[in-house]
Number of protein chains: 2
Amino acid sequence: MNILDPNCPSRVVFQRVGDKWATLVIQVLEDGPLRFSDLRGKVAVVTPKVLTHTLRALERDGLLTRTVYAQVPPRVDYELTALGRTLLEPLKILRRWAESNVDQMQLAREAFDEAQDEAVLAGSASVGLAR
Amino acid sequence: MNILDPNCPSRVVFQRVGDKWATLVIQVLEDGPLRFSDLRGKVAVVTPKVLTHTLRALERDGLLTRTVYAQVPPRVDYELTALGRTLLEPLKILRRWAESNVDQMQLAREAFDEAQDEAVLAGSASVGLAR
DNA sequence: CAGGATCCCCTACGATACTG
DNA sequence: CAGTATCGTAGGGGATCCTG
């Protein structure tokens, strides 16, 4: 199976990782199960709809389990599966990369944007450079 | 800086990784520089607009360089920067995880979807279970 | 408490042209 | 060859309100 295949395994995984909330949820669940509102508390800004959606997707992928306790008020726990736990390490590696290199990325962005602006200014005066 | 901070480094990196084409481009560039049409060839299905967009973003992030050769017909090379190269390893780790675990994920999905369907069927006959 | 239902926006991605 | 311009769409993400 090739990387270029749209059904390539890495595609679906990269997609999950790119999901705005999924990785966050996974990492927050590292220390043990949490209920819905706990998750909302930890991830603060997410709306219930989106959180639900994220959790369903992760459950579908077998990365976490959803357990409903028959009580009032209702209580639902989310917990990483064994499979979900194995994803923690790769994610951490990526996070470490991010933490070590984000400054460099930020600088690159500023430099790029600045060069961009200059090109625009020069263009307005001298009828556009290549690009 | 916390994971929960929207400006958290890992966020922007995870987002890049989640980009449908970005990681693909990075991995394809591992073996050396390529020109625009080479990239299109390797990544077959992507439209020039989207590829351009992807490349610009990666260039902005300082992950690759864009070099224009003044010749006719035009020629533009894209090449990973040192920074871009350091991202290869974390990506590979993620890919390896994907390749080892995708089967399990696929099975989980099928099981989930099947359970879902059953619930729907049961619901149509017996007025909906919880969920 | 744990969500479902609704509405809405915006951006990623794509198809199809056209150009320096 | 290496793009840009234009148009169009699906769905990710959010705000707000409602319910078993």
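Per chain, numbering begins at 1; letters A, B, ... match sequence-line order.
- The side chain to side chain donor-acceptor pair (under 3.5 Å) check on B:D19 picks up nothing, with sequence neighbours excluded.
- Between B:S37 and D:dA2, a side-chain N or O to OP1/OP2 separation shorter than 4.0 Å is present.
- Residue-environment remark: CD (A:Q71) exceeds the threshold of 12 foreign heavy atoms within 6.0 Å.
- More than 12 heavy atoms of other residues, nucleotides or ligands lie within 6.0 Å of CD in A:Q106, so this atom counts as buried by the packing criterion.
- Salt-bridge formation is detected for the pair B:R96/B:E89: a Lys NZ or Arg NE/NH1/NH2 atom is positioned less than 4.0 Å from an Asp or Glu carboxylate oxygen.
- Listed by chain and residue number, nothing satisfies the side chain to side chain donor-acceptor pair (under 3.5 Å) test with A:R85 (two or more places apart in sequence, or in another chain).
- Salt bridge present: B:E30 and B:K92 bring a charged side-chain N and a carboxylate O closer than 4.0 Å.
- Between the axis at the start and the axis at the end of the helix from C:dC1-D:dG20 to C:dG20-D:dC1 there is an angle of 50°, using five pairs per end and rounding to 10 degrees.
- Distances shown here put a side-chain N or O of B:R66 below 4.0 Å from the OP1 or OP2 atom of D:dG3.
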Which parts of nucleotides 8-20 of chain C does protein reach within less than 4.0 Å, heavy atoms only, written one letter per nucleotide 5' to 3' as B for base, S for sugar-phosphate only and - for none? ----SBBB----B
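- For A:R35, a side-chain nitrogen or oxygen approaches OP1 or OP2 of C:dA2 to under 4.0 Å.
- Scored by the side chain to side chain donor-acceptor pair (under 3.5 Å) test, A:D38 finds no partners at all (sequence neighbours excluded).
- A sub-4.0 Å separation between OP1 or OP2 of C:dG3 and a side-chain N or O of A:R75 is absent.
- A:I93 belongs to a hydrophobic cluster whose remaining members, ordered by chain and number, are B:I93; membership requires side-chain heavy atoms of ILVMFWY residues under 4.5 Å apart, directly or through intermediates.
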